[in-house]
Amino acid sequence: MQAIELQAPGGIDNLRRVERPMPEPGRQEMIIKVKATALNYRDVEIARGSYHTAFALPLIPLSDGVGEVVAVGAEVTRFKVGDRVCGTFWQRWVGGSFAMAEPSYQRGGPVDGLLSAFARLDEQAAVLAPSHLSDVEAATLPCAAVTAWHALFTEGQLKPGETVLSLGTGGVSLFAVQFAAAAGARVIVTSSSDDKLTRAKALGAHDGINYRSDPDWATAVLTLTGGRGADHIIEVGGPQSFEQSLKAAARGAQINVIGYLGGSNGSINPLDIFRRQVTARGIPVGSRESFEAMNRALAANRLRPVIDRVFPWLEAAAAFHHLEHGSPFGKVVLDHTQ
Ligand SMILES: NC(=O)c1ccc[n+]([C@@H]2O[C@H](COP(=O)([O-])OP(=O)(O)OC[C@H]3O[C@@H](n4cnc5c(N)ncnc54)[C@H](OP(=O)(O)O)[C@@H]3O)[C@@H](O)[C@H]2O)c1
């Protein structure tokens with residue numbers, strides 16, 4: 001079967017098309033014919049060698065994708081041939097505490113990802129794709145969407161009327177905007193682009209702040225909330241924006257530490273945490289249980305992921321470059337039927 005491998009670290013141009021043996025299912029595994037895959041910022045970092053963990057190569061990239069089950073092992077009970085399934089990011093985190101996750105079982109590195117014609121999935125590491133979504137849409141769910149869901153609901157217990165501050169308009173942040181708006185929260189989004197702020201408002205955000213033209217954006221958040229601040233913060237900027245996030249936090253706020261897009265240097269005053277009784281929490285995507293709960297909410301609210309652009313899957317390198325440099329609004333997806 002055809003697959004695309006990352007054969008050397010240090011660049012997207014080290015992605016190579018290869019022939020791999022057709023996978024066979026083990027007793028509790030299934031084979032899917034991959035229909036679509038989607039990119040996350042993590043995949044770009046792994047390809048260029050800047051991810052915080054180095055994985056053994058060659059590696060088939062991409063944690064996110066959807067496919068049709070074409071073969072099942074003798075003991076598979078959760079799925080049958082013909083089902084449409086998404087793989088999960090964590091291969092062994094079914095539910096409960098993150099202690100169950102086992103760090104070496106993440107799809108797309110170190111476990112081979114889905115950028116191939118067929119893939120082998122453990123039946124415990126897959127969920128049914130929401131039936132109202134196309135393959136292109138369903139492919140985007142396993143990492144960014146589950147991360148936003150896990151932060152706001154599994155951990156955050158978000159309530160209607162609370163304020164959610166979502167930083168930037170990347171994949172995780174746009175899912176957070178859609179989920180928070182559907183749950184009846186007040187949603188404030190930041191972006192470097194006024195045009196993207198307008199588009200985020202069309203998705204349900206109530207207010208937008210341009211973090212480039214207004215570097216002291218925390219003051220704008222306080223103004224918008226009558227001095228109260230945000231209850232839940234989707235923090236993807238990292239140490240550089242964390243200081244502003246703390247300033248924008250309401251008393252008892254939850255800061256979900258998800259990414260570090262702005263770089264890894266910065267400083268904070270711990271007194272800002274102390275004074276407002278802020279909780280800062282790392283978010284490691286989420287469990288299968290979170291994925292399944294999220295899919296029920298997607299179906300009930302007919303929510304659809306935002307798609308920026310779809311590439312034929314054998315043009316994966318162009319898609320990686322687009323995510324890295326094309327300033328997309330929404331997910332970048334690979335169509336495996338093209
Ligand atoms: N912990 C986890 O489980 C987890 C899961 C998924 C992702 N992540 C991490 O979370 C981050 C976001 O991932 P993603 O897939 O959503 O990325 P993405 O889709 O590539 O997001 C890029 C967007 O982030 C915004 N951005 C860039 N620098 C920023 C800054 N300094 N402050 C605020 N926003 C900034 C920009 O929005 P505008 O163009 O609107 O300015 C940019 O378009 C990455 O660091 C990723 O590695 C972590």
Side-chain angles (χ1 to χ4, degrees), residues 38-48 50-53 62-64 88-90 93 98 101 103 106-109 140-152 154-155 165-178 188-201 203 205 208-215 217-218 233-245 248 255-266 280-287 290-291 305-309 319-333:
L39 276 66
N40 290 284
Y41 190 73
R42 173 182 191 267
D43 303 308
V44 170
E45 289 185 301
I46 292 171
R48 70 181 180 210
S50 59
Y51 192 59
H52 55 69
T53 309
L62 301 191
S63 57
D64 288 9
T88 58
F89 179 85
W90 292 102
W93 190 14
F98 180 58
Q106 301 162 56
R107 190 166 288 285
T140 68
L141 299 176
C143 181
V146 175
T147 300
W149 181 270
H150 179 74
L152 292 176
T154 313
E155 293 285 355
L165 171 62
S166 195
L167 301 190
T169 58
V172 176
S173 300
L174 286 185
F175 278 116
V177 167
Q178 291 179 285
I188 302 173
V189 64
T190 69
S191 177
S192 57
S193 150
D194 289 340
D195 175 55
K196 288 184 176 181
L197 289 175
T198 303
R199 296 166 77 182
K201 284 183 192 167
L203 287 175
I209 304 166
N210 189 316
Y211 65 81
R212 188 158 291 159
S213 60
D214 186 359
W217 44 265
I233 301 179
I234 298 295
E235 173 47 86
V236 294
Q240 285 189 346
S241 66
F242 200 86
E243 186 188 7
Q244 286 285 306
S245 288
I255 302 183
N256 297 286
V257 179
I258 293 171
Y260 43 89
L261 290 163
S264 49
N265 296 318
R281 167 178 60 223
I283 294 295
V285 191
S287 67
S290 288
F291 198 160
V306 182
I307 308 301
D308 176 82
R309 193 161 159 194
F320 274 68
H321 283 299
H322 180 64
L323 180 59
E324 191 176 24
H325 299 299
S327 192
F329 182 88
K331 298 296 291 181
V332 178
V333 181

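Keep in mind that the numbers below use all heavy atoms, side chains included, and drop hydrogens, waters and symmetry copies. All residue numbers refer to positions in the sequence shown, counting from 1. Remember, predicted model here, so these are calculated numbers, not experimental data. Note that ligands are numbered from 1 as they come in the structure, with each ligand's atoms numbered from 1 the same way.
Scanning all protein heavy atoms for the shortest distance to atom 28 (N) of ligand 1 gives L261 CB, 3.5 Å. Protein heavy atom nearest atom 18 (P) of ligand 1, with residue, atom name and distance: G170 CA, 3.8 Å. When only non-hydrogen protein atoms are considered, atom 44 (C) of ligand 1 lies nearest to Y41 CD2, 3.6 Å.
The shell of residues lying under 4.0 angstrom from ligand 1, judged by heavy atoms, includes E45. The closest approach between any non-hydrogen atom of C143 and ligand 1 is below 4.0 Å. Q240 does not count as a contact of ligand 1, since none of its heavy atoms falls under 4.0 Å from the ligand. Distances from ligand 1 to the non-hydrogen atoms of S241 include no value under 4.0 Å.
Atoms of ligand 1 found under 4.0 Å from any heavy atom of S192 (numbered from 1 in listed order, with element): 38 (P), 39 (O), 40 (O), 41 (O). The contact set between ligand 1 and G259, taken as ligand atoms under 4.0 Å from a residue heavy atom, comprises 9 (C), 10 (O), 11 (C), 45 (O). Counting atoms of ligand 1 from 1 in the listed order, those under 4.0 Å from a heavy atom of P284 are 3 (O). Residue contact check: K196 has heavy atoms under 4.0 Å from atoms 39 (O), 40 (O), 43 (O) of ligand 1. Every atom of ligand 1 with a heavy atom of V285 under 4.0 Å away is listed here by number and element: 2 (C), 3 (O). With ligand atoms numbered from 1 in the order given, ligand 1 contributes 1 (N), 2 (C), 3 (O) to contacts under 4.0 Å with heavy atoms of I283. Heavy-atom contacts of Y260 reach the following atoms of ligand 1: 45 (O) (cutoff under 4.0 Å). Shown in contact with T169 at under 4.0 Å from a heavy atom are these atoms of ligand 1, numbered in order with element: 37 (O), 38 (P), 39 (O), 40 (O).
Between Y211 and ligand 1, a contact under 3.5 Å exists for at least one N or O pair. Annotation: G171 places an N or O atom under 3.5 Å from an N or O atom of ligand 1; distance criterion only. Residue I258 places at least one N or O, backbone or side chain, under 3.5 Å from an N or O of ligand 1.
Other residues, nucleotides and ligands contribute over 12 non-hydrogen atoms within 6.0 Å of the CD atom of E45.
Contact between V177 and A205 at its shortest, heavy atoms only, is CG1-N, 3.8 Å.
Counting protein heavy atoms under 4.0 angstrom from atom 42 (C) of ligand 1 gives zero.
Between W90 and W93, the two ring planes are perpendicular [angle over 60°; tilted spans 30° to 60°].
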